[in-house]
Structure formats: structure tokens, C-alpha cells
Amino acid sequence: MSEDGLAQNINLENWMSGLPEKLKNLPFIYLAIPGSHDSMTYGITRSSEIAPDAEPIVKNLYPLFRGTILRWTITQAIDTSQQLLIGIRYFDLRIATKTGDDKFYFTHGVYADEISKALEQVKDFVDTHPGEVVILDFQHFYGFTLDDHQNLMRILLHLYGPKLVPRQIDVQSITLNSLSRLKQQVVIVYRHKSVYATNEFWQPQMLPSPWPQQERVDGLLSFLRNVKRHPGMGFVHQAVLTPTPAFIIFRWISSLREKCAIPVKNEVLPRLLEEFSPGPPNANSVDSPAPVNVVIADFVEMDDAAFPKTIIQLNMKLLNMDLLYGNQDQG
């Protein structure tokens with residue numbers, strides 16, 4: 001079957017459970033997994049208020065240029081359930097508190113939704129899709145006290161409980177099949193020192209997510225080709241462009257979707273499919289880019305979910321890596 005044929009035949013809703021058995025016996029960190037960047041910004045609306053993570057310039061301009069700022073703030077168009085149904089299995093989460101409010105909210109410069117509905121949608125999905133695994137990466141916390149961290153972790157433990165994939169010394173021992181046997185489906189990465197108090201959550205170094213901080217395609221491609229990863233840990237490749245204030249000023253009437261997400265889809269995605277592979281480091285030549293694990297992007301639904309289809313399709317390259325199976329059979 002051609003590569004295009006593979007892409008068309010992927011069942012995005014159940015793609016993990018539909019992988020060949022050999023791939024489900026490989027370490028989870030050797031698989032290519034599509035994710036969304038600033039996953040919950042679909043919840044931002046014109047009535048959204050400025051959040052604690054807003055840049056000073058945004059705080060000053062927001063009352064006058066609300067519509068323009070929102071066009072450069074929103075990075076996803078579909079909600080959590082819809083993202084899961086098109087194959088997204090990693091969510092990039094930024095959380096903030098509100099003064100006088102004991103709830104937690106998603107944020108990206110301005111407040112998005114309160115967190116409960118999206119987290120419940122993840123629970124509903126894993127409950128009804130036993131072969132799928134979802135990564136929730138709590139990247140940033142704004143306006144948090146230690147009590148807030150304890151309250152948020154308590155919410156997560158109560159919601160996902162036995163479905164959580166606990167922190168382990170040997171991440172390479174985790175496979176889709178081993179998780180299926182244990183009925184574990186939710187990985188929570190909690191990027192704060194308070195995570196050390198519980199073994200249910202993964203520490204930041206188990207899934208590094210370096211920020212490219214590039215506004216042009218050539219710079220992003222150079223970053224992705226040259227970034228290094230630890231062979232025994234997971235990794236997040238951020239296939240995203242980050243506009244600077246100067247970049248936005250010269251494109252004021254446009255949007256992040258037009259000037260950042262579409263160039264990534266049109267120019268970076270084809271390079272990913274051609275140049276990058278999942279798998280262990282020794283399955284690639286020294287000159288090859290670091291193997292991909294999680295790859296994230298903006299507006300993941302574009303062109304009939306071209307992004308998740310491309311990333312999932314990368315896993316088919318593993319079927320041709322005989323060395324991989326030789327090593328795996330000996331383990």
C-alpha cells in the first residue's frame with residue numbers, strides 16, 4: 001500500500017489500538033504521537049478576560065484591539081472531544097487561577113474555559129476507547145499557591161485514579177500492550193516541583209518539550225533537525241511558529257492560523273514525513289534528526305486532519321526497522 005493509502009485508511013479515533021501488534025509491543029516513547037499546542041485555546045471568546053500570563057503590551061492593547069489580539073492568541077479551533085476523535089493524544093495545558101475564584105482555568109494570555117469539562121471529556125474518551133492512551137502535559141501554572149497545586153492534583157487523582165500511568169524509573173518498559181493489560185490510559189506530566197510528592201505523575205525530565213521560539217519556517221526546521229533528546233526518555237517536538245510582537249505588527253490584519261499554522265502544514269509537515277522517524281536513536285544514522293515521539297502543532301484539524309494523519313503515519317516506518325525488533329525480542 002502506498003503512503004497516501006496508509007494515511008487514508010487510518011482510523012483516527014482508534015489509531016493506537018489499530019496499530020500492528022509489533023508496534024504495540026515497542027516502548028511508548030518510540031512511537032510517533034500527534035498532539036496539540038496550547039490545546040485549550042478553543043475556549044477563548046470575545047468575552048474572555050486578560051489572564052496572569054499576558055504580556056504587558058497585550059494587557060495595554062487588549063481593550064482597544066481585542067479582536068486582533070484574539071486572532072493571534074487562539075491556536076485551536078475544535079474542542080477536546082473533537083481533537084481526540086481525529087487522533088490527538090497529547091494536550092499542552094496552561095492553567096491559571098482567578099482572584100476570588102477557587103476554580104482553575106485554561107489560559108493563553110486571556111482566560112479560556114474552566115478545566116472541568118475538558119478533563120471530563122478525556123475521561124469519557126478513555127472509558128469508551130480502552131486501547132487509547134492520552135498524555136496531559138500541565139506545562140505552566142499562573143497565580144498558583146502550594147495549596148492550589150495540592151487541590152489540582154487532588155482533582156486529577158480523583159478523576160483518573162487507576163487509569164493513571166504512574167511514574168517509572170524505566171520509561172522504556174512502558175508499551176501500549178503493557179498499559180492495556182494494566183488498564184492504564186492517562187499519562188499526566190506535571191511540570192512543577194510539587195510533583196515529587198506523588199508517584200502518579202511524571203516529572204518534566206521524562207518528557208522534555210523544548211520551545212523552538214522561531215517565527216520563520218527555515219528557523220523551525222533547523223531547530224527540529226538539530227534538537228537532541230535523551231534515548232531513554234520521551235520527547236516533544238514542537239512544530240509551531242511563534243510570532244514576535246514585531247512580526248504581528250506587520251501582519252496586524254491577519255492571524256496566527258494564516259501566518260503560522262498554515263506555513264507549518266504546507267512546508268514543515270512534508271519535511272517531517274520525509275526526514276523524520278520514530279523509534280530508538282540507534283535506528284537512525286548519526287546525521288539523522290532525533291527520533292520523534294510526541295509532535296505538536298496549531299490548528300490540528302486543518303485539511304481534514306492532515307497533521308495527525310501525517311504523524312501517525314510516521315509509525316509505519318518502524319515496520320521496516322529490523323534492528324528494532326531484533327533488540328526488542330532480546331529484551
Side-chain angles (χ1 to χ4, degrees), residues 35-77 91-115 118 136-149 151-152 189-195 204 208-220 223 227 236 238-264 296-299:
S36 56
H37 170 245
D38 273 313
S39 304
M40 304 303 174
T41 54
Y42 63 81
I44 293 173
T45 69
R46 288 190 66 87
S47 61
S48 295
E49 302 168 354
I50 284 288
D53 59 320
E55 298 286 344
I57 188 173
V58 172
K59 292 179 181 178
N60 293 331
L61 295 177
Y62 192 59
L64 293 174
F65 300 101
R66 184 178 299 249
T68 299
I69 288 171
L70 294 183
R71 288 200 306 272
W72 289 93
T73 299
I74 296 170
T75 63
Q76 302 299 335
F91 292 88
D92 165 23
L93 309 177
R94 293 106 192 280
I95 315 291
T97 59
K98 277 187 183 180
T99 303
D101 189 333
D102 61 359
K103 295 178 178 154
F104 301 110
Y105 294 83
F106 297 119
T107 181
H108 187 215
V110 295
Y111 285 108
D113 293 337
E114 192 269 329
I115 66 172
L136 301 177
D137 191 344
F138 288 81
Q139 282 268 359
H140 299 287
F141 307 90
Y142 301 98
F144 266 62
T145 64
L146 283 178
D147 282 346
D148 290 325
H149 281 291
N151 289 337
L152 177 56
V189 184
Y190 203 93
R191 297 182 189 271
H192 187 267
K193 60 186 177 183
S194 55
V195 73
S209 182
W211 181 28
Q213 204 169 355
Q214 300 290 329
E215 63 181 26
R216 301 193 181 279
V217 164
D218 55 353
L220 175 59
F223 178 89
V227 70
V236 179
Q238 297 194 21
V240 296
L241 294 173
T242 304
T244 61
F247 184 96
I248 294 172
I249 286 169
F250 286 108
R251 299 157 183 84
W252 193 250
I253 62 171
S254 190
S255 66
L256 186 143
R257 184 185 183 104
E258 288 293 322
K259 297 302 182 183
C260 296
I262 288 177
V264 167
I296 66 175
D298 294 322
F299 294 103

Go through the structure and list residues passing side-chain hydrogen bond (donor to acceptor under 3.5 Å, both in side chains) with [X], not counting sequence neighbours.
X      : value
Asp101 : Tyr105
Ser47  : Thr45
Thr41  : Thr75
Asp113 : none

Ignoring hydrogens and angles, state whether a donor on the side chain of [X] or [Y] is under 3.5 Å from an acceptor on the partner side chain.
X      : Y      : answer
Thr107 : Asp53  : yes
Gln238 : Ser209 : yes
Thr242 : Trp211 : yes

Validation row: [X], [Y] side chains within 4.5 angstrom (heavy atoms):
X      : Y      : answer
Cys260 : Trp72  : yes
Gln76  : Asp298 : yes
Pro210 : Val227 : yes
Leu93  : Phe106 : yes

Where the side chain of [X] meets the backbone of [Y], is there a donor-acceptor pair that is under 3.5 Å apart?
X      : Y      : answer
Arg191 : Asp137 : no
Asn151 : Asp148 : no
Thr73  : Ile69  : yes

Using 0.5 Å steps for rounding, measure from the [atom1] atom of [X] to the [atom2] atom of [Y].
X      : Y      : atom1 : atom2 : result
Ser255 : Leu70  : OG    : CG    : 12.0 Å
Arg66  : Arg71  : CZ    : CZ    : 13.5 Å
Ile44  : His108 : CD1   : NE2   : 7.5 Å
Met40  : Ile115 : CE    : CD1   : 9.5 Å

For His149 and Tyr190, I'd like to know if the aromatic rings sit close, meaning centre-to-centre distance below 6.0 Å.
yes
May I ask you to check whether Phe104 and Phe144 place their ring centers less than 6.0 Å from one another?
yes
Of Val264, Ile262, Leu256, the residue whose pairing with Leu241 passes side chain to side chain contact (heavy atoms under 4.5 Å, CB included):
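Looking at Val264, Ile262, Leu256, the match for Leu241 under the side chain to side chain contact (heavy atoms under 4.5 Å, CB included) is Val264.
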Could you note down all residue pairs passing salt bridge (Lys or Arg N to Asp or Glu O under 4.0 Å) where residues 38-52 supplies at least one of them, sequence neighbours left out?
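Passing the test, one end in residues 38-52: Asp38-Arg94.
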Which is it for His192 and Leu146 under the side-chain contact (heavy atoms from CB on, under 4.5 Å) test, yes or no, and what are the steps along the way?
CA-CA 10 Å; His192 187 267; Leu146 283 178; 4.3 Å; yes
Sequence neighbours left out, what passes side chain to side chain contact (heavy atoms under 4.5 Å, CB included) with Asp218? Give chain and number order.
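Only Arg216 meet the side chain to side chain contact (heavy atoms under 4.5 Å, CB included) criterion with Asp218.
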